[in-house]
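Notes follow the structure.
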Amino acid sequence: MENLDSILNKEQAEAVRCTEGPVLVLAGAGSGKTRVLTHRAAYLIENCGVDPWNILAITFTNKAAGEMRERIDRLVGVRAREIWVSTFHSMCVRILRRHIDLIGYTSDFSIYDTDDQLTLMKQVFKSLNIDPKLIRERAALGAISSAKNEGMDAEDFRKAAGSDLRQRRIADCFTEYQKRLHQNNALDFDDLLIKTVELFKTDDRVLGYYQNRFRYIMVDEYQDTNDIQFELVHLLAGQYHNICVVGDDDQSIYKFRGANLNNILNFEKFFPGAHVIKLEQNYRSTSRILDIANAVISHNTGRKPKKLWTEKKGGAEVVFHEFENANDEANAVISDVWKEVQNNGRAYHDMAVLYRTNAQSRLLEEQCIHRNVPYQIIGGVNFYQRKEIKDVLAYMKVIANGSDTIALERIINVPKRGIGASTIQKLHMFAEANSDAAHQMTLYEAACRADTIGIGGKAGRELKKFTEMIEGYRDKLRRSGYLDQEADPKFKESFTIQDLIKSIRDDTGYGEELRAEGEIEAETRFENIDEIVSKAASYQAEAEKPKLSEFLEEVSLVADIDRADESKDTLTLMTLHGAKGLEFPKVYLVGMSDGLFPGYMSMNDPEDLEEERRLCYVGITRAEQELVMTSARSRMVNGEYQRMKPSRFIDEIPDQLITKELLYPSRVDIDGFSDFSGTPFDDGMDMGMRRNAGNREDDRFGRVIGGHTGTVSGSYGVNSYGLRGMGSTGYLESKKPSGLRGRSGAGATGRKRSGSGIPGYMQKTSEQRLSSLDYGAGDRVRHVKFGEGTVVSVVDGKKDFEVVVDFDKAGRKKMFASFAKLRKLL
DNA sequence: CGATGTTAGTTTTTT
DNA sequence: ACTAACATCG
């Protein structure tokens with residue numbers, strides 16, 4: 001290896017050489033921490049004679065793991081293969097597959113993702129007779145997950161609940177949920193970590209083995225570890241204490257997932273005698289970009305003191321653009337991307353558009369298609385969450401793990417075989433009746449005995465066919481060596497995992513059903529199945545000893561980012577969370593609007609707000625040369641338009657650091673109301689005033705009105721999120737009564753009917769959806785008063801509402817004119 | 001049973 | 001805008 005000091009700065013080299021005992025590397029954004037980690041691993045092997053087999057490196061994503069392995073490989077050659085590089089979750093699965101029988105599961109356990117958890121929780125609610133209206137399944141799951149991440153089990157949770165009725169109810173759910181997970185021989189994501197800790201605590205020898213094996217442990221992105229991960233690390237390092245963690249408290253963005261900032265803030269306390277090294281030189285960004293990042297993050301409190309600096313002085317100006325609406329924003333951004341490539345010789349893959357929520361990707365995608373810009377969306381609907389993929393995987397899960405009832409129920413009637421709800425109900429009752437403390441009969445076992453239960457007719461025949469098919473697959477897989485056992489040497493026709501997927505597609509009629517639909521969407525789904533076939537093929541080529549359950553786990557644990565393909569020259573679209581650890585020459589941060597970023601959920605809690613600010617910091621520091629930030633004054637959120645002002649994070653940037661430009665027309669049409677054009681709506685934010693605090697029904701912002709027919713047309717109001725929104729209702733021209741305004745939302749679940757905007761359908765009612773409805777067409781104005789802070793009272797169904805309008809002088813003048821017209825009509 | 005119609009609830013961020 | 005869950009009918 002070359003001389004360290006020639007390729008690393010002083011602190012980096014120190015971090016590399018500091019191999020013994022606990023080490024905390026506080027690595028600011030772009031300070032070369034990956035460099036440190038890879039060189040450190042290489043140094044351990046080359047200079048300290050450490051066996052690669054004794055090194056454990058934990059990264060945040062599988063992709064990062066792969067990259068790290070590759071980079072170490074380049075430094076020390078093939079020996080790098082021996083290093084255990086993986087994510088926390090993958091590591092735990094690997095350990096659990098070997099030893100989980102010690103804690104009462106079997107090694108073919110299923111891993112439940114969020115969807116599966118929800119399905120399971122619904123069953124729990126049903127069996128405990130809990131009304132989902134009182135406690136939502138998601139809320140229960142959320143509470144349980146946070147409890148788990150704090151190291152609590154169901155019992156602890158119950159104790160903590162005390163006399164709180166709701167909490168106690170959730171405690172019941174917790175108990176039942178765990179029980180059912182166990183019955184299904186399944187673990188959720190949290191359990192993967194928890195059960196590993198449990199395993200270590202249960203069995204000294206297992207713990208001893210891994211402690212002894214992992215003499216040198218490195219953890220990347222340490223600021224985003226949670227309590228369980230901390231415990232895991234603590235346990236593993238318990239013998240040798242050679243633990244090196246790398247992280248940046250300013251980049252902690254996973255609190256919602258249980259990340260505990262104290263892990264890094266108090267590292268020295270948990271690991272006495274820890275050596276602390278700070279990496280403060282940034283090699284990534286220009287000083288212009290860095291100044292902005294520092295300006296924003298300086299608004300946070302309780303940070304570890306540090307000051308990032310760079311030698312790259314100056315650089316391109318950073319700009320902020322505010323657009324009239326999200327469409328204009330997307331249009332301008334993608335157009336700029338295109339120009340960068342055409343005129344400035346940038347490659348698409350040198351740029352990224354980052355946003356707060358996945359939903360924002362849609363408009364951007366449309367623009368990319370429109371402009372023929374090659375793009376890659378990371379995240380959003382995960383490939384493995386797509387219906388067809390989940391269906392195929394569910395088949396495979398049933399085959400691998402017959403106890404997995406969630407998977408079984410998913411596909412027992414897919415494609416339609418005439419095994420409906422009542423048949424499944426019968427099977428459940430049979431299974432229940434034949435279970436005792438010693439053995440729980442599974443749904444699948446019940447299905448196998450359909451004929452003895454007295455399920456005859458079509459359902460009976462189909463059940464028989466179904467279970468025989470599953471058994472057939474199992475048999476072939478077993479003999480081919482993809483289940484637990486070794487392959488049967490006498491079995492000639494090797495049946496691979498790809499074969500299995502193809503069989504599922506072709507034999508069950510699933511593929512046929514898709515084909516029959518004949519729509520483009522169905523075609524895509526078909527292709528998606530092909531993609532999973534090739535995924536299986538590559539798994540099989542790479543794995544030492546391919547097993548079905550291992551393939552399934554590989555598939556469950558991939559992150560969105562793992563699927564990114566850098567070899568293609570495409571523009572990257574992704575969330576800020578997804579961008580962690582990445583860098584791009586030019587970065588666009590879009591949707592910089594209060595309510596979106598920071599999100600409305602986080603705006604009231606100082607701690608949450610700080611996390612959002614860190615996310616903003618992460619976003620800014622992804623940029624190497626150029627940074628563009630944008631926002632839109634109006635955008636569609638949850639089916640209705642909302643008005644937003646620029647993000648407070650923009651305000652936190654001193655004016656001399658950033659060039660702000662407002663790109664929207666000075667004249668604004670509101671709901672086609674030319675009377676109002678040119679009103680002070682232009683400045684977006686001052687059209688309303690809060691009358692009362694809170695978010696009660698009668699506490700609304702108002703814009704009113706007008707109407708050639710004497711009815712109210714559209715309005716600004718406080719919607720359920722406490723944000724000002726422009727009612728999507730209110731067509732003055734509409735002849736329909738207010739309850740019947742055409743809406744999309746048509747159809748139900750079926751694949752074909754998923755579309756929106758089918759004409760002739762309507763949605764509203766349910767109290768006419770008043771909670772988010774402002775004043776719609778058809779609502780009559782009762783009287784109008786003028787004066788400072790114009791007050792308008794509106795009859796809205798049964799209730800009178802009062803609306804306060806606050807305009808500037810010019811606007812008020814126009815408004816008065818309109819009101820005069822209106823008054824005449826009344 | 002299953003197809004179609006209707007309605008209520010909803011959303012950050014992810015391993 | 002989207003979708004899961006419920007309602008209705010053949």
Side-chain angles (χ1 to χ4, degrees), chain A residues 59-62 86-93 111 113-115 118-119 122 132-133 136-138 145 149 188-193 221 224-226 228-229 253-259 354-360 362 378-382 385 387 413 416-424 457-459 462 556-562 574-580 591 595-603 608 611-612 614-615 618 636-641 720-721 728 743-758 760-767 769 771-772:
Chain A
T59 57
F60 202 68
T61 62
N62 293 301
S86 80
T87 65
F88 271 107
H89 292 266
S90 306
M91 174 184 82
C92 288
V93 172
I111 300 168
D113 66 14
T114 324
D115 275 2
L118 195 62
T119 316
K122 280 178 184 161
K133 278 179 198 123
R136 281 197 302 272
E137 290 95 343
R138 283 172 176 282
S145 178
N149 282 321
D188 65 18
F189 282 125
D190 300 325
D191 280 349
L192 294 176
L193 306 172
E221 306 284 4
D224 279 320
T225 51
N226 64 29
I228 305 292
Q229 289 165 335
I253 54 175
Y254 280 97
K255 188 174 155 219
F256 70 92
R257 212 168 76 186
L354 309 181
Y355 37 80
R356 177 67 240 265
T357 67
N358 282 305
Q360 290 168 258
R362 197 144 125 187
I378 313 293
V381 192
N382 187 323
Q385 311 246 108
K387 185 182 178 309
N413 199 28
K416 302 265 184 301
R417 323 186 149 82
I419 303 173
S422 63
T423 308
I424 293 175
K458 180 157 193 280
E462 288 292 334
S556 321
L557 295 181
V558 288
D560 296 314
I561 189 71
D562 297 334
M574 65 179 154
T575 63
L576 289 154
H577 283 89
K580 176 154 115 157
L596 186 62
F597 187 35
Y600 63 88
M601 300 290 285
S602 346
M603 291 203 299
D608 289 349
E611 172 126 334
E612 296 279 294
R614 288 193 291 268
L615 192 55
V618 167
M636 182 85 90
V637 177
N638 274 0
E640 62 183 21
Y641 281 103
S720 38
Y721 300 125
S728 55
R743 299 290 286 219
S744 48
T749 15
R751 184 177 296 153
K752 276 189 183 161
R753 303 190 290 151
S754 62
S756 56
I758 298 167
Y761 283 104
M762 57 201 84
Q763 175 147 39
K764 194 134 274 192
T765 63
S766 156
E767 307 265 319
R769 297 202 156 212
S771 66
S772 71

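Numbered from 1 within each chain, the chains take letters A, B, ... in sequence-line order. Here the structure is a predicted model, which is why all the values come from computation and not from measurement.
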(request) Could you check which of C/dA1, B/dG9, B/dG2 has an atom nearest any side-chain atom of A/Met636? (result) C/dA1
(message) Going by the rule ring-ring contact (aromatic ring centres under 6.0 Å, His included), which residues pair with A/Phe60 if we only count those two or more places apart in sequence or in a different chain?
(response) A/Tyr254
(message) I'd like to check the side-chain hydrogen bond (donor to acceptor under 3.5 Å, both in side chains) partners of A/Gln229; sequence neighbours left out, ordered by chain and number.
(response) none
(message) Between C1' on B/dG9 and CZ on A/Arg138, what's the gap in Å once rounded to a whole number?
(response) 11 Å
(request) Verify whether one side chain among A/Thr575 and A/Asn358 offers a donor that lies under 3.5 Å from an acceptor in the other. (result) no
Distances under 3.5 Å only, N/O to N/O: pair up the protein atoms with those of nucleotides 12-15 of chain B.
from, atom 1, to, atom 2, distance (Å)
B/dT12, O2, A/Arg356, NE, 3.4
B/dT12, O2, A/Arg356, NH1, 2.2
B/dT12, O2, A/Arg356, NH2, 2.3
B/dT13, OP1, A/Asn358, N, 2.8
B/dT13, O4', A/Arg356, NH2, 3.2
B/dT13, O2, A/Arg356, NH2, 2.4
B/dT14, OP1, A/Thr575, OG1, 3.1
B/dT14, OP2, A/Asn358, ND2, 3.3
B/dT15, O4', A/Arg257, NH1, 3.4
B/dT15, O2, A/His89, NE2, 3.1

(request) Please list, chain by chain and in numerical order, all residues satisfying salt bridge (Lys or Arg N to Asp or Glu O under 4.0 Å) with A/Glu462, sequence neighbours excluded. (result) A/Lys465
(request) Check for a donor-acceptor pair, side chain of A/His89 on one end and backbone N or O of A/Leu193 on the other, with a separation under 3.5 Å. (result) no
(message) Looking at C/dC2, I'd like to know if its phosphate oxygens (OP1 or OP2) sit under 4.0 Å from a side-chain N or O belonging to A/Arg362.
(response) yes
Give every pair of a protein N or O atom and an N or O atom of nucleotides 7-10 of chain C that lie under 3.5 Å apart, one pair per line with the distance.
none

(message) For A/Arg257, I'd like to know if atom CZ has over 12 heavy atoms of other residues, nucleotides or ligands within 6.0 Å.
(response) yes
(message) Could you check whether A/Lys255 pairs with A/Asp608 (Lys NZ or Arg NE/NH1/NH2 to Asp/Glu carboxylate O, under 4.0 Å)?
(response) yes
(message) I'd like to check the side-chain hydrogen bond (donor to acceptor under 3.5 Å, both in side chains) partners of A/Arg417; sequence neighbours left out, ordered by chain and number.
(response) A/Tyr395
